[in-house]
Amino acid sequence: MPNMNDTLEIAQTVDPKLHALRSKLQHEQLDAWLMTDLANIRWTTGFSGSNAVLLLTKESAWLFTDGRYAEQVKAEVKNAIPVITQDGFLEELKTGKYPLGTRVGFQADKLPFATVEKLRKELPDIELVPKTGVYDDLIVVKTFEELEKIKAAVAITDKVFQKLLEILSPNITEREVAAEISYWNKRFGAERDAFEPIVASGPRAALPHARASEKFIQNNSLVVIDMGCVVEGYCSDQTRTVAVGKISTAMRQAYETVLEAHLLGIREARVGMMAKELDGVVRNFLAARGYGEAFSHALGHSVGLQVHEVPTIGRKTDMRLPAGCVITIEPGIYIPNEFGVRIEDMVYLTEAGAQPLPSAPKHLIEL
Ligand code: ZN
Ligand code: ZN
């Protein structure tokens with residue numbers, strides 16, 4: 001009968017996620033990875049606690065966390081050895097129990113500079129090699145299980161939107177609408193909001209990331225509602241713009257143009273195309289319609305365990321869109337001090353094209 005360590009190593013060699021990270025070790029000529037991004041660690045091991053560091057060598061893997069998660073880590077993690085630390089992972093590494101080798105890659109954008117300095121001082125024989133984007137090409141492609149969780153989150157967001165149509169009026173404040181979103185997210189089974197809901201009416205809708213304010217929904221205006229929830233760690237992210245009262249011709253025209261731009265983005269998305277190419281198609285369309293200046297952000301982004309993942313679908317993104325990615329298509333028109341419109345769907349990209357995940361209506365809803 002093999003001992004436990006042998007069994008664990010056998011299990012690890014067939015784990016596709018650890019295998020992919022080990023191939024990167026080889027490619028980068030490193031002896032170990034020190035991973036500190038919680039979402040990346042969750043993707044790799046399934047661990048959902050708020051304190052974790054993953055050490056991955058060519059032969060083994062350890063997950064460092066603290067006593068609060070002693071039971072949870074055992075239940076969630078099957079492909080790494082859980083280590084409960086008293087004084088943090090650095091003290092644990094100093095014990096010399098772990099075969100770090102000589103070159104250890106770390107997530108340069110996810111490890112504080114002060115900690116890097118400390119590691120360099122305490123482990124002088126190790127060369128710490130800063131790396132960014134280690135996970136980018138891995139997390140962008142969703143598995144069937146991941147897609148199911150994303151779809152469940154999107155389905156809740158669709159239901160929440162229907163609830164909002166019953167309450168949107170000049171008699172409710174933006175912040176009350178945001179509270180309803182958070183409430184219904186949980187009532188429909190989500191763990192939490194994916195981000196603080198954006199509810200913006202009147203001229204405030206021209207601010208793409210406006211927080212819900214204490215102002216009442218403005219009558220005769222467009223209301224931008226951007227919201228999402230989390231199911232088993234996976235996010236939804238969706239925007240609809242609704243008219244409350246009578247809106248101007250300029251608002252109506254902007255809405256119809258954003259809708260056209262949004263549908264164009266879905267139609268033109270192709271596996272293998274550069275993210276910036278897709279952004280460009282929609283950006284050029286809006287510019288041709290005279291809204292070049294009014295579209296002030298990127299067309300979209302990948303979504304998964306984090307609401308904003310790589311790649312950004314933006315003007316400068318050289319990454320190609322792979323089959324199996326889930327991205328948002330969210331063009332907008334923002335006229336400062338007047339109004340704003342945005343329509344955002346998450347889409348699943350396959351060789352057959354982009355398939356929108358939400359079912360909430362996109363025609364102009366006038367309340
Ligand atoms: Zn959004
Ligand atoms: Zn988004």
Side-chain angles (χ1 to χ4, degrees), residues 153-190 192-230 235-259 261-262 291 293-297 307-308 328 330-346 358-367:
V154 170
I156 290 174
T157 302
D158 275 341
K159 278 164 78 175
V160 172
F161 181 68
Q162 288 305 322
K163 283 279 171 197
L164 297 185
L165 294 180
E166 296 167 15
I167 58 159
L168 274 173
S169 83
N171 302 319
I172 190 168
T173 68
E174 292 175 354
R175 203 167 282 162
E176 285 165 344
V177 176
E180 294 281 340
I181 292 169
S182 303
Y183 172 78
W184 286 111
N185 275 344
K186 286 199 172 140
R187 282 299 304 267
F188 287 138
R192 57 182 170 86
D193 298 350
F195 52 90
E196 205 180 312
I198 293 168
V199 181
S201 73
R204 296 192 73 259
L207 310 166
H209 267 200
R211 289 224 172 132
S213 77
E214 72 290 348
K215 290 202 167 105
F216 282 91
I217 297 290
Q218 193 167 313
N219 200 17
N220 302 327
S221 87
L222 292 169
V223 187
V224 173
I225 298 163
D226 191 347
M227 61 182 174
C229 68
V230 177
C235 300
S236 61
D237 179 14
Q238 189 167 321
T239 308
R240 289 293 183 270
T241 300
V242 176
V244 173
K246 290 201 183 329
I247 59 166
S248 68
T249 311
M251 290 177 194
R252 193 174 298 275
Q253 192 187 337
Y255 188 95
E256 294 306 329
T257 309
V258 168
L259 180 54
H262 171 83
Y291 293 108
E293 296 282 304
F295 177 35
S296 50
H297 54 74
V307 71
H308 286 160
T328 68
E330 50 178 305
I333 289 177
Y334 310 96
I335 309 295
N337 303 317
E338 291 187 34
F339 64 87
V341 185
R342 178 165 69 257
I343 300 171
E344 172 181 28
D345 264 5
M346 286 165 71
S359 56
K362 294 184 210 178
H363 65 269
L364 180 60
I365 294 173
E366 300 179 72
L367 299 171

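Worth knowing before you read on, the calculation uses all heavy atoms, side chains too, and leaves out hydrogens, waters and symmetry mates.
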Residues E196, R211: salt bridge by 4.0 Å N-O rule
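A salt bridge links E196 with R211.
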Distance-only, no hydrogens or angles: does the D158 side chain make a donor-acceptor pair with backbone N or O of A360 under 3.5 Å?
yes
Using the side-chain contact (heavy atoms from CB on, under 4.5 Å) rule, take T157 and I181 through it: C-alpha gap first, then chi angles, then the decisive distance, then the call.
CA-CA 9 Å; T157 302; I181 292 169; over 6 Å; no
Which atom pair, heavy atoms only, marks the closest approach of [X] to [Y]?
{"X": "T241", "Y": "L364", "result": "O-CD1, 4.4 Å"}
{"X": "I217", "Y": "V177", "result": "CD1-CG2, 4.3 Å"}
{"X": "P331", "Y": "V258", "result": "O-CG1, 3.5 Å"}

Side-chain heavy-atom pair [X], [Y] within 4.5 angstrom cut-off:
{"X": "P361", "Y": "Q162", "value": "yes"}
{"X": "R240", "Y": "K362", "value": "yes"}
{"X": "I167", "Y": "E176", "value": "no"}
{"X": "C235", "Y": "V230", "value": "yes"}
{"X": "E214", "Y": "T173", "value": "no"}
{"X": "I156", "Y": "W184", "value": "no"}
{"X": "V242", "Y": "F161", "value": "yes"}

Centroid-centroid under 6.0 Å between F195 and H308 rings
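Not under 6.0 Å, so no.
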So which of V244, L367, I365, L164 actually passes side-chain contact (heavy atoms from CB on, under 4.5 Å) with V223?
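So the option named by the test is V244.
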Hey, mind stepping through Q238 and S236 against side-chain hydrogen bond (donor to acceptor under 3.5 Å, both in side chains) and telling me if it holds?
CA-CA 7 Å; Q238 189 167 321; S236 61; 5.9 Å; no
R252 and E366: CA distance, side-chain angles, deciding distance, side-chain contact (heavy atoms from CB on, under 4.5 Å) verdict:
CA-CA 11 Å; R252 193 174 298 275; E366 300 179 72; 3.0 Å; yes
Sort out for me which residue in R204, Q218, K215 forms a side chain to side chain donor-acceptor pair (under 3.5 Å) with E174.
R204
Just wondering, are more than 12 heavy atoms of other shown residues or ligands nearer than 6.0 Å to CD in E256?
yes
Show the numbers, then the answer: is there a side-chain contact (heavy atoms from CB on, under 4.5 Å) between R342 and I198?
CA-CA 11 Å; R342 178 165 69 257; I198 293 168; 4.1 Å; yes
Suppose we screen for ring-ring contact (aromatic ring centres under 6.0 Å, His included). Which residues come up paired with Y291, at least two apart in sequence or across chains?
none
